[in-house]
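Computed from a prediction, not measured in an experiment: that's the story for all the values here. To find a chain, count down the sequence lines: A is the first, B the second, and so on, and within it residues start at 1.
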Protein chains: 2
Amino acid sequence: MALAEHACTRESAVAARIDVSPCNACPVRSMSVCSALEADELKRLADILVSVKVDAGHTLFAEGDGADTLFNVTAGTMKLYKLLPDGRRQITGFLLPGDFLGLSINDTYAYSAESVTPATLCRFPRRRLEGLLEDYPKMQRRLFAMASSELAAAQDQMLLLGRKNAKERIASFLLMLSERARRRGYAENPVHVPMSRSDIADYLGLTTETVSRTFTQLKTSRAISLLEGGKVRLNDMEILQELAEGA
Amino acid sequence: MALAEHACTRESAVAARIDVSPCNACPVRSMSVCSALEADELKRLADILVSVKVDAGHTLFAEGDGADTLFNVTAGTMKLYKLLPDGRRQITGFLLPGDFLGLSINDTYAYSAESVTPATLCRFPRRRLEGLLEDYPKMQRRLFAMASSELAAAQDQMLLLGRKNAKERIASFLLMLSERARRRGYAENPVHVPMSRSDIADYLGLTTETVSRTFTQLKTSRAISLLEGGKVRLNDMEILQELAEGA
DNA sequence: AGCGCGCCTTGATCCAGATCAAAGCGCGAC
DNA sequence: GTCGCGCTTTGATCTGGATCAAGGCGCGCT
């Protein structure tokens, strides 16, 4: 698997707050879809990559927009969400470096995407990607595998939203962040929690007040410690695990 | 697209309550994955199909079982669910004819599958299917498309579980059943609701009592009528639509 | 420094839906 | 038929988390 960086087409900014730069900031190696690709596949892929930088709180696209672009997060954290007409919001997922957005079959996005922190993404025109998939079935398989594991995560989240109480939700959330950090080779404890209370609430189907109170409870019971800089130390993974699974 | 039926290997029953019969009961055409396949692809697929009949309430497989088989529902309704250690249950989906189960990348199933009504399914050994996918990229694409649309449905369900109230959940549920019936060419109104109150409750993150009361409320407000035989008439789709979207 | 604005926390109260309890109501077995 | 069992409905009560309300705290801006 190549670690080399690939030069990419520079492109003018597409919106006021989006800064498009060459792809050096976006090594192809960060895209998990590309592992197991051959050199010529990588080369061809690199040709259509464009790196995009956004501030925190930037809306990349909104539910219903034409889905002509596929993104891969290379730095920062993104959130995906759906809204009800009256403004109620459900965050369906947080994306970390390596994750994809816009893997839609339909011609419009099924959710909105917004940055939680300043973020960098790779952009692919979807049309060109599709041509690529025709030629390289391995990539097709990788995409399918990713969709499958997203689906599994979605099912876990349904169990959480439908049947877990507030404490179990928060414990599950922290363990998930910890596990994801571990798998990406970052420090998994203390966990970095870059998102706001209100984002956490909208992800877990709670309110900010309940999220805040539950953090306080877990802190009081010594299960976790709240550190500065949005870090949370998990003092006893096993206790949290039991909590999360509702044992 | 072929409508012809394909002969299949007969196989002895794999469990007391499972009745395995030739594939005449399971025309290939019922598998949505096969549309757009060529004749030789269909023929090869037919070679590995086995039809399986189960009673209502039969557990096809449980979460954690080795995932060596892929199923396609050809008749009846199935439910997929996850359990917490203390028995709380979340049903993550109901499957109608044409839907797939066991589309897992992992080597164990991520959920349990049980029949809601008597059901018939097609069985594929997963290993043989994988060989097939290597050779026929179109099928790969179809599978990816299916996973994508399941993912979109899962995100809708997260919005429902995280942010909708009981009335909105029931309205959304009925509209979903109606829409699925319509797309399959069945009567969409009245809708056939084959699952028990407790299955509905575990799908919508409610209790049987709340489901029952909410049906009664909707009936009292004339939005729906409860007919015999598990049928529900949607008296005013538009009112229900507004309810479902929380407008 | 002082101001303003977003967050976050904490407290008081409320309420939708859970829980507990008790009938109905089919329906299959005998 | 009638017995028993599982499913559904309905009623009474309870409660976890929502809602309403008020500060506190950090941070960027002037």
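Across all strands shown, Thr216(B) has heavy atoms under 4.0 Å from sugar-phosphate atoms exclusively, and none from any base.
The closest donor-acceptor contact from the side chain of Arg169(A) to the backbone of Leu161(A) lies under 3.5 Å.
The separation between Leu204(A) atom CG and dG16(D) atom C1' is 16 Å, rounded to whole Å. As a whole-Å value, the separation of Lys219(B) NZ from dT8(D) C1' is 11 Å. In this structure, the CD1 atom of Ile170(A) is 12 Å from the C1' atom of dG17(D), given to the nearest Å. In this structure, the CG atom of Asp202(A) is 12 Å from the P atom of dC7(C), given to the nearest Å. Distance, Leu161(A) CG to dG16(D) C1': 16 Å, rounded to whole Å. Rounded to whole angstrom, the span from the CZ atom of Arg88(A) across to the P atom of dA18(D) amounts to 13 Å. Between the CZ atom of Arg197(A) and the P atom of dC25(D) there is a distance of 16 Å, rounded to whole Å.
When only modelled atom types and interatomic distance are considered, Ser225(B) and Asn235(B) share a side-chain donor-acceptor pair under 3.5 Å.
Take Tyr111(B) and apply the ring pair (Phe, Tyr, Trp, His ring centres under 6.0 Å) test, not counting sequence neighbours, and it matches no residue.
Taking the charged nitrogens against the carboxylate oxygens, Glu179(A) and Arg184(A) have no contact shorter than 4.0 Å, which rules out a salt bridge. Salt-bridge check for Asp202(B) with Lys79(B): failed, with every basic side-chain N at 4.0 Å or more from each acidic carboxylate O. Electrostatic pairing of Asp99(A) and Arg180(A) counts as a salt bridge here, judged by a charged N lying under 4.0 Å from a carboxylate O.
The two residues Leu95(B) and Val73(B) have their closest heavy-atom pair at CB-CG2, 4.1 Å.
Put simply, the side chain of Thr92(A) does not reach to within 4.5 Å of the side chain of Tyr203(A), judged on heavy atoms.
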Working for ring-ring contact (aromatic ring centres under 6.0 Å, His included), residues Phe100(A) and Phe71(A): CA-CA 6 Å; Phe100(A) 272 79; Phe71(A) 297 88; over 10 Å; no
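An angle of 30°, rounded to 10°, separates the two end axes of the helix from dA1(C)-dT30(D) to dC30(C)-dG1(D), each defined over five pairs.
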Sugar-phosphate or base contact per nucleotide [nucleotides 12-26 of chain C; S, B, -; heavy atom under 4.0 Å]: B----SSBB------
